[in-house]
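Read through the structure below, which is laid out as C-alpha cells, and then see the notes.
In what follows, chains are A, B, ... by sequence order, proteins preceding strands, each numbered from 1.
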Protein chains: 2
Amino acid sequence: MKPQYTSVWGRLAAEGARPPKKDASTSQAQIVRATIELLDAEGLDALSMRRLGTKLSMGATSIYWYVANKVELLDLAMDEVFGEIALPVGGGLHWQEAASVFAHSLRQALLRHPWAIKLLGSRPSLGPNALILAEKAMILFEDAGFHGPAIDHAVNTLTAYVMGVTASESGWYEMVAATGLSPKQWLEQNESAVVASMAGRPTLHALYERTRESGDLRDDMIDRFAFGLSCVLDGLAARLPR
Amino acid sequence: MKPQYTSVWGRLAAEGARPPKKDASTSQAQIVRATIELLDAEGLDALSMRRLGTKLSMGATSIYWYVANKVELLDLAMDEVFGEIALPVGGGLHWQEAASVFAHSLRQALLRHPWAIKLLGSRPSLGPNALILAEKAMILFEDAGFHGPAIDHAVNTLTAYVMGVTASESGWYEMVAATGLSPKQWLEQNESAVVASMAGRPTLHALYERTRESGDLRDDMIDRFAFGLSCVLDGLAARLPR
DNA sequence: GACGCTCTCGTACAGTGTGCGAATGCAATC
DNA sequence: GATTGCATTCGCACACTGTACGAGAGCGTC
C-alpha cells in the first residue's frame, strides 16, 4: 500500500531532508505571497489559478511546477497566516496575559485574512508555523501549571473559542460587505425584514435594538470578544491544580 | 437604490406575507432534503446542481424554479441543521445543565453534518430555525440572571466555543477519512513524518505520544470537549450578577 | 554538438453554476 | 370541447474552473 499524503507537510517530511533547491523555493514563496494578496483583496472565490498566473505574469499551469495543486497552495498560505500570530512565551508575563495577547493576535490575524477562517475548518493545520505556534501554546500552559492532557485541553479550549467568535464576526462583516453598504446602513435597510422575522421573539428583538443603537459596531465586537475571553481564562484558572 | 438581498431570508421577508404556494414549498422541502442527504453522504464538494438534479430525477436547471441559486440552497440546508439542535428552556433545568445539553446537541449536529461547519463561517445564520434557537438561547441566559448585553455575550461565548472545537474535530476526521484509513492507522502510518516535524518540540511530541497510545480517539475528543465546556460554563457563572 | 535538467506554457478535458428560451402539461374560462 | 394562460421542465450555451499532458525553451556539462 502506497502512503497517502494528506497535505504538503506529509509529503515534504516523507521526502526526507529535502534539498531546498534555492530558486524553486524562493519562487514558491513569491507565489504564496501573491496568493495571499489576491485572497486578502478579493476573497476566496476570486482565487483561480489563471488569475494568480496573470498576477504573477506567468502561465496558469506554470504554477504547478512549484506547487502540487490548489489545496496545497492554500495550505501554504494558511501557514503563512499562522506565522503572523504572536504568542509571547518565556518573557516573564503572567500566563493569563500571554494567553490574552495570543487570543487577540489570533483574532486580528483571522480578521485580516477572512478567507483563512473558512479554510481552518476544512483541514487540520500541520505546517511549520502552525506547529511552532502549537508548541508555544503548550509551553504556555505547561508553565502555567497544567499537566498531561490538561495542557492540550487548555490550548484547544482557548483557540476554539477564538476561532468560533472570529468566524461569526467575520462572516457578518463579509455578508454586509457583499452589499456594499456600511454596517449601520445595512441594519437600517434591513430593519423591516429583521424586525418582521423577530415578531414573537422579544429577547432577540431587544438585542437587535441595542445593536442598532450602539455607537461603533467594531467596539461592540471587541467587548463581546473580551467578555468570552475572560470567561475562558477564568475557567482555565479554576482548573489549575494547586 | 434597490434593496440588496443578502440571503433567502431577507428576500422572503421583503416579499411580505408570502403566499406559500403549497406545491412549490413542498417541492422545495424535498429538494432541501435531497441536498442534505447528498451533502451528508458525499461532502460539500460533491454537491453539484447536476448531481442533485439526477438524484431528484429532474433537470439540473429545474431546481432553479424552487431555489434562487446554490448558496440560497445551502442556506436552506443549514437552517434545517439548526432545526435539529436541542435547547431545553423553561423545563425547570438548571441553566448550566440546559446549556450543556445545548452544547452537546450542537456539537453532535455539526459532526453529523460536517459540511455545515464549513458554511457556518461563511455566512451568518438568519433562517427561522436559527432564529428560534437564538431566541431560546437568549431566554436561557436571561432566566439564568444575565442582563442587557451580557445575555448576548454569554450566548456568543458558548456557541463560539462549541463551533470552534467542533470545527477542528471534524476537520481532523475528514482529513483522516480522505485517506481511507482508520484514525489509529493514520497515526501509525504518519508516525515518522509527524515525529520528524516535531523534532525540537518536546511538548508537542509528548502530546502526540499520549494521543497515539490512547484507547478510543472519539472518547478523547469528548473529554476535550467537556473540559472546555466546563471552563466556559464556570466562567459564565462567575459573571452572573448576584 | 549532444545530452539532461529545470522550467514555461498552449491545448485540452471534464466539470462547474446558471441565463435564456422553447417546450410541456394542466386548470380555468369561454 | 376548444382556447387561453400559467406553472413547470429542461436542453442548450456561455464563461469559467482545476489540472494532465506533452511540446518546447534555456542552460550547464560532457
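With 3.5 Å as the limit, one finds no donor-acceptor pair spanning the side chains of B/His113 and B/Glu80. When only modelled atom types and interatomic distance are considered, B/Ser7 and B/Asp75 share no side-chain donor-acceptor pair under 3.5 Å.
The CG-P distance, from A/Asp45 to D/dC16, rounds to 15 Å in whole Å. Rounded to an integer number of Å, the gap from A/Gln28 CD to C/dT6 P is 16 Å. Rounded to whole Å, atom P of D/dT19 lies 12 Å from atom CG of A/Leu52. The interatomic distance linking B/Ile31 (CD1) with D/dT8 (P) rounds to 11 Å, in whole Å. Atom CD of A/Gln30 and atom C1' of C/dC7 are 14 Å apart (whole Å). Distance CD1 (A/Ile63) to C1' (D/dA20): 15 Å, rounded to an integer number of Å. With rounding to whole Å, B/Met49 atom CE is found 14 Å from D/dC10 atom C1'. Counting to the nearest Å, the P atom of C/dT16 and the CG atom of B/Leu73 are 15 Å from each other.
Among the heavy atoms of the strands, none lies under 4.0 Å from A/Leu56. The residue A/Leu47 sits close only to the backbone: its heavy atoms come under 4.0 Å of sugar-phosphate atoms, none of a base. Contacts of B/Ser48 with the nucleic acid, taken as non-hydrogen atoms under 4.0 Å apart, involve only primed sugar atoms and P, OP1 or OP2.
Neither OP1 nor OP2 of C/dT8 sits under 4.0 Å from any side-chain N or O of A/Trp65. Regarding contacts with the backbone of C/dC9, every side-chain N or O of A/Thr61 stays at 4.0 angstrom or more from both OP1 and OP2. Look at B/Tyr64 and you won't find any side-chain N or O under 4.0 angstrom from OP1 or OP2 of D/dT9. OP1 or OP2 of C/dC9 sits under 4.0 Å from a side-chain N or O of A/Ser62.
Between A/Met58 and B/Arg51, the residue anchored nearer the 5' end of DNA chain C, judged by the nucleotide with its closest heavy atom, is A/Met58.
With B/Asp79 contributing its side chain and B/Ala130 its backbone, the two residues share a donor-acceptor pair below 3.5 Å.
In this structure the side chain of B/Leu131 never reaches within 4.5 angstrom of the side chain of B/Phe82, judged on heavy atoms.
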Original post:
Is there a salt bridge (Lys or Arg N to Asp or Glu O under 4.0 Å) between B/Arg51 and B/Glu42 once you walk through the steps?
Top reply: CA-CA 11 Å; B/Arg51 264 179 67 81; B/Glu42 316 207 27; 2.4 Å; yes
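For a distance-only test at 3.5 Å, the side chain of B/Arg50 fails to qualify as a donor-acceptor partner of the base of C/dG15.
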